[in-house]
There are 2 protein chains.
Amino acid sequence: MSDEPSTTSRDKILKAATGIAQAHGYGGLNLRTLAEQVGIKAASLYYHFPSKADLAAAVAQRYAKDSAATLAALATDAGDPAACLLRYPETFRRSLANSNRICLCSFMAAEYDDLPAAVQDAVQVFADQNVAWLETVLQAAGALPEQAQRRARAIFAAVSGAQLMARGKADIALFDNLIGTYRALGLLAP
Amino acid sequence: MSDEPSTTSRDKILKAATGIAQAHGYGGLNLRTLAEQVGIKAASLYYHFPSKADLAAAVAQRYAKDSAATLAALATDAGDPAACLLRYPETFRRSLANSNRICLCSFMAAEYDDLPAAVQDAVQVFADQNVAWLETVLQAAGALPEQAQRRARAIFAAVSGAQLMARGKADIALFDNLIGTYRALGLLAP
DNA sequence: ACCTGAACACCGTTCAAGT
DNA sequence: ACCTGAACACCGTTCAAGT
């Protein structure tokens, strides 16, 4: 009765804003367009959030939180560490499959210098979480701690780059091809 | 007498616009700011270029052309193919060293869906040129044609991703670290 | 040939006013 | 409690007018 995911206005705004930001970035997040998608006027958004910066911070924080949950679920679901590593790129693939969108935080990494501080922080959290998750998995798979960190960062960077390149070509097969090459090289393993 | 690089107004505009776009993207390229940097009014930009879209297309085309020249020079300078591959990330590093800017086309790959068609084309040309250069070098280094293409794409994607991640942390040492990991993996070799 | 001020429609934002 | 219209300063763009 209380844990129902009753979609509040705030939630609707956050969800719509996330989709727009994954396709157009922070700069491309237009409040009049967003409001229209939610069915209210732009001025009404200011009842829910004090500014675009705060709205975007909430979006990025929620995105980072969801991503942490997805990674935790993947760890449980995949079972062994090797499977986790092989399946890690799935999340990134899903964005591309969803109207050629990309990871919110990849877009925002490009826009980094123009981002409000709170949004920058959330982008950092997202990246750090991903690297930490990979690091844990790599160590569980037998990597030495120091190597695990280097490798974790390399995986995150390489997969992000593959997603960006695939978006530029609007070609999800290219993403799969790149991930396949990474695998063949042994990048997605300890 | 005639080949002097006499800096025309058009050139000054293109150079300033390139720097802005590498830091803020196409969307973040503000014509009033750009005009101020050049020492004219925003309206005057329209004497040199019919629109922001055309200006950005000229910027991206010039960027792709310069990049091709830089790669050609690297090939001559480095000598053997193995050295070319090791030094390939240098160009990307230079952008980061230049006020944490990134490759124009990485930023624009993120913004891809919001780009005017002529700008999209130039972004494609840039990526294709890089992959083709890498492919040639990889084959010269002994890779089989089919493997060379896959590998060339993987290098381009991975290095782009490293640049993006390093920008997000404003940490050029992270870029070097990532490239080092790629090298250790054998990514930057045939 | 090159530049400009004034004007237009659009965007983030505010605010007084509605229910 | 939640929403809105009207207004502000800013942006891309146009254009008639300046030199």
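When reading the values below, keep in mind they use all heavy atoms of this one structure, side chains included, and skip hydrogens, waters and symmetry mates. Naming: A, B, ... by sequence-line order, numbering from 1 per chain.
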Figure out the [atom1]/[atom2] separation between [X] and [N], and round it to whole Å.
X       : N      : atom1 : atom2 : result
A:His24 : C:dC11 : NE2   : P     : 13 Å
B:Arg32 : C:dC11 : CZ    : C1'   : 12 Å
B:Asp54 : D:dG12 : CG    : C1'   : 13 Å
B:Leu31 : C:dC3  : CG    : C1'   : 16 Å
B:Leu55 : D:dT14 : CG    : P     : 13 Å
A:Lys41 : C:dC11 : NZ    : P     : 13 Å
B:Glu36 : D:dG12 : CD    : P     : 13 Å
A:Arg10 : D:dC2  : CZ    : P     : 12 Å

- request: Only one of A:Phe156, A:Phe126, A:Tyr88 passes ring-ring contact (aromatic ring centres under 6.0 Å, His included) with A:Trp133; say which it is.
  value: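 In the set A:Phe156, A:Phe126, A:Tyr88, the residue that makes a ring-ring contact (aromatic ring centres under 6.0 Å, His included) with A:Trp133 is A:Tyr88.
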- prompt: Take atom CD in B:Glu36; do more than 12 heavy atoms of anything else shown fall under 6.0 Å from it?
  reply: no
task: Look at atom NZ of B:Lys41 and say whether more than 12 heavy atoms of other residues, nucleotides or ligands are closer to it than 6.0 Å.
output: no
- line: Within residues 44-52 of chain A, the residues having a heavy atom closer than 4.0 Å to DNA chain D are A:Ser44, A:Tyr47, A:His48
- prompt: Taking the nucleotide of DNA chain C with the closest heavy atom to each, which residue, A:Ala43 or A:Thr33, is nearer the 5' end?
  reply: A:Thr33
message: Do B:Lys52 and B:Tyr26 form a cation-pi contact, if we require the NZ or CZ to be under 6.0 Å from the six-membered ring centre and within 45 degrees of the ring's axis?
response: yes
Residues B:Glu90, B:Arg93: salt bridge by 4.0 Å N-O rule: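 Looking at B:Arg93 together with B:Glu90, the answer is no, because their closest N to O distance does not fall below 4.0 Å.
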Nucleotide paired to D:dA6 in any strand shown, Watson-Crick or G-U, under 3.5 Å: C:dT14
query: Mind checking who D:dT19 pairs with, Watson-Crick or G-U wobble, both distances under 3.5 Å?
result: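 Paired with C:dA1.
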query: Between the side chain of A:Gln120 and the main-chain N/O of A:Met108, is any donor-acceptor distance below 3.5 Å?
result: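 No; judged by distance alone, with no hydrogens or angles, the pair does not exist.
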message: Just to be sure I understand the rule, does A:Leu34 reach a base, reach only the sugar-phosphate, or reach nothing, if contact means heavy atoms closer than 4.0 Å?
response: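 Since no nucleic acid heavy atom lies under 4.0 Å of A:Leu34, the category is nothing.
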Intermediate values then yes/no, side-chain hydrogen bond (donor to acceptor under 3.5 Å, both in side chains), B:Lys169 and A:Gln124: CA-CA 8 Å; B:Lys169 302 266 180 204; A:Gln124 296 289 355; 2.8 Å; yes
task: Select one nucleotide: of C:dC15, D:dC15, D:dG12, the one nearest the side-chain heavy atoms of B:Asn30.
output: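 The answer is D:dG12.
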